Amino acid sequence: MTSPSSALPLQKTARDLLDDFEKVRARSLDLIDPLSDADATVQSMEDASPAKWHMGHTTWFFETLILCSYDEDYTVFNERFAFLFNSYYEQLGPRQPRPQRGMLTRPTLDDVIAYRRHVDTCMKAFLTKGIPDNRTAELIELGLHHEMQHQELLLTDILHLFAQNPLKPAYRPSEPLVLTNNPPPQADWCNFEGGIMKMGHEGETFAFDCETPAHDQIIRPFKLSSHPVTNGEWIQFMEAGGYENPLHWLSDGWTTVQQEAWHAPLYWQQEGEVWWHMTLRGYQPVDLEAPVSQISYFEADAYARWAGKRLPTEFEWEYAATELGMDGNFADGNRLRPKRASQNDADLQQMYGDVWEWTSSPYVSYPGFKPAEGAVSEYNGKFMSGQFVLKGGACTTPKEQMRPTYRNFFYPHQRWQFSGLRLAEDL
């Protein structure tokens, strides 16, 4: 995030930050409410983390970067927790190896909640006294957006964990899909003239450092599909032999398909003529008109090639979405799964919420990029290698975190997130 001079007025008061802090921290507790200690401890794969670890790590962030740095009266809850809950901050010491986070049967979930209560009490007291300077306020706001990222990861990690269980447990009460009699959305094309456009974040509102600086970008004329690719359209790709034809795939993608025996999106299983999949509300039939999700960059790119189209660049996506409203199917609505488009017209639909949309853009720095100062310099910049940008948020993303410039990023083989695609074409 940017680091304005301490001489500038604070963008948020201590009262604002306290209100935001209480809201974000309460939501995390709500997210783990359905989980047992065992649910919160198990790690289903190296890319995922236990829910208990997410709760401890987001607490460690506030303890280490705020309280230990700026509150002289603060007493550390447990010195050993720094090793357990540091993620990747080399400047802040050694840590539990990521693949072994699921080995932490102790502390218990109750112990981690007690840790959160201790830090929350001290953070609230700290904020009640006021904020020393802009730098402290920025770090607190960064911590809140960091926790929102982990709220989304907690949900997708729990889904991956529950999908490994033959009992197919539901994270939230299993509710049947609410289907309407509306005609299915017909994808149309929206044209954009392009030009030299200002891309990236500017101004004093919050953004991660990787969204900056704002810079001029040449965008050539293009068109964008009015809707994300749906499950029904994806089945057509599957039935046409999409997973069996190497001509659709990047070389690394084809290797991955063969090694992992991919034949459908993650969590899909066919029973008779019907495709089912695991959701946060249990085992459900696939909604053919909802956006496809849990697909990798490799799969998204292969579908686009099969369709004779391409993925949009992140700048095309941002240009198209900048003037749109931010309404969408986000985590706040508690649906926790993508839904079909509500309108059937040629305008852009579902740009925000439902599924993250893969772009063809590698996750690299913008011209003039400078990482944030201090330990948080490791937050984004050091991951700018081998990953691709996704835009728009998903049904598991907190709405208040989203903006047109937000850059999510994953490796091209990863697909346990709510990731989908929208087609683009040169105009």
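Small disclaimer: the values here were computed from a predicted structure and weren't measured. Just so you know, residue 1 is the first one in the sequence shown, and it goes up from there.
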Please report the shortest heavy-atom distance between [X] and [Y], naming the atom on each side.
X	Y	answer
Ala48	Arg98	N-NH2, 4.4 Å
Lys391	Glu314	CE-O, 4.1 Å
Phe418	Leu336	CZ-O, 4.2 Å
Lys382	Tyr88	NZ-O, 2.6 Å
Arg337	Arg281	NH1-CB, 3.9 Å
Pro404	Tyr352	CG-OH, 3.3 Å

Check your understanding: Lys12 pairs by salt bridge (charged side-chain N to carboxylate O under 4.0 Å, His left out) with which of Glu141, Glu138, Glu204?
Key -> Glu141
Point to revise | Identified salt bridge (charged side-chain N to carboxylate O under 4.0 Å, His left out) counterpart of Glu425 within the set Arg220, Arg310, Lys309 | key: Lys309
Any side-chain donor near an acceptor of the partner, [X] and [Y], under 3.5 Å:
X	Y	result
Asp252	Thr255	no
Ser44	His160	yes
Thr58	Arg116	yes
Gln43	Ser49	no
Ser36	Asp39	yes
Thr396	Glu152	yes
Glu289	Asn231	no
Gln91	Glu378	yes
Tyr267	Arg415	no

Exercise for review: With Asp37 as reference, evaluate Val112, Thr105, Leu109 under the side chain to side chain contact (heavy atoms under 4.5 Å, CB included) test and give the passing residue.
Suggested key: Leu109
Ring-ring centroid check [X] [Y], cutoff 6.0 Å:
X	Y	result
Tyr243	His263	no
His57	Phe85	no
Phe388	Phe410	no
Phe62	Phe21	yes
Phe81	Tyr115	yes
Phe298	Trp358	no

Practice item. Please say whether more than 12 non-hydrogen atoms of neighbouring residues, nucleotides or ligands are located less than 6.0 Å from CD in Glu271. Key: yes
Review point. In this structure, are over 12 heavy atoms from other groups packed under 6.0 Å from Met45 atom CE?
Key: yes
Do [X] and [Y] touch side chain to side chain, with heavy atoms closer than 4.5 Å?
X	Y	value
Pro338	Val355	yes
Arg101	Ser87	yes
Asp347	Asp188	no
Leu18	Thr13	no
Leu427	Asn191	yes
His277	Gln269	no
Thr41	Leu104	no
Leu421	Leu311	yes

Exercise for review: List the steps and the verdict of side chain to side chain contact (heavy atoms under 4.5 Å, CB included) for Gln294 and Trp268.
Suggested key: CA-CA 9 Å; Gln294 272 80 37; Trp268 282 36; over 6 Å; no
Taking the side chain from [X] and the backbone from [Y], do they hold a donor-acceptor pair closer than 3.5 Å?
X	Y	value
Ser419	Ile295	yes
Glu233	Thr230	yes
Thr313	Thr359	no

Practice item. Would you check, one step at a time, whether the test side chain to side chain donor-acceptor pair (under 3.5 Å) holds for Thr156 with Gln417? Key: CA-CA 6 Å; Thr156 52; Gln417 296 298 313; 2.9 Å; yes
Practice item. Determine, step by step, whether Lys223 and Asp426 satisfy the salt bridge (charged side-chain N to carboxylate O under 4.0 Å, His left out) criterion, reporting the C-alpha distance in whole Å, the side-chain angles of both residues, the deciding distance to 0.1 Å, and the verdict. Key: CA-CA 6 Å; Lys223 55 184 179 179; Asp426 296 332; over 6 Å; no
Practice item. Check whether NZ of the Lys or CZ of the Arg Arg95 lies under 6.0 Å from the centre of the six-membered ring of Trp60 and within 45 degrees of that ring's axis. Key: no
**Study point:** Interatomic distance, Asn329 atom CG to Gln350 atom CD [nearest 0.5 angstrom]
**Key:** 8.5 Å
Review point. CD of Gln414 to CH2 of Trp416: how many Å apart, nearest 0.5 Å?
Key: 4.5 Å
Review point. Given the rule in the salt bridge (charged side-chain N to carboxylate O under 4.0 Å, His left out) test, do Lys23 and Asp19 qualify, once you have shown the distances and angles that lead to the verdict?
Key: CA-CA 6 Å; Lys23 178 182 177 181; Asp19 290 343; over 6 Å; no
Check your understanding: Salt bridge check: are Arg305 and Glu299 linked by an N-O gap of less than 4.0 Å?
Key -> no
Point to revise | Ion pair check, Arg172 and Asp30, cut-off under 4.0 Å | key: yes
**Study point:** Residue from Gln151, His150, His54 passing side chain to side chain donor-acceptor pair (under 3.5 Å) with Ser28
**Key:** Gln151
Practice item. Could you check Asp209 against Lys370 for salt bridge (charged side-chain N to carboxylate O under 4.0 Å, His left out), going step by step and ending with a plain yes or no? Key: CA-CA 7 Å; Asp209 57 3; Lys370 294 182 180 179; over 6 Å; no
Practice item. Carefully, step by step, assess Trp189 and Phe222 under the rule side chain to side chain contact (heavy atoms under 4.5 Å, CB included). Key: CA-CA 10 Å; Trp189 293 92; Phe222 70 100; over 6 Å; no
Practice item. Please step through salt bridge (charged side-chain N to carboxylate O under 4.0 Å, His left out) for the pair Arg25 and Asp120, ending with a clear verdict. Key: CA-CA 8 Å; Arg25 299 290 280 179; Asp120 286 358; 2.8 Å; yes
Practice item. In sequence, state the C-alpha distance, the side-chain angles, and the governing distance for Ser361 and Tyr363, and then conclude on side chain to side chain contact (heavy atoms under 4.5 Å, CB included). Key: CA-CA 6 Å; Ser361 297; Tyr363 176 58; over 6 Å; no
Practice item. Please step through side chain to side chain contact (heavy atoms under 4.5 Å, CB included) for the pair Leu31 and Met55, ending with a clear verdict. Key: CA-CA 10 Å; Leu31 290 177; Met55 300 294 284; over 6 Å; no
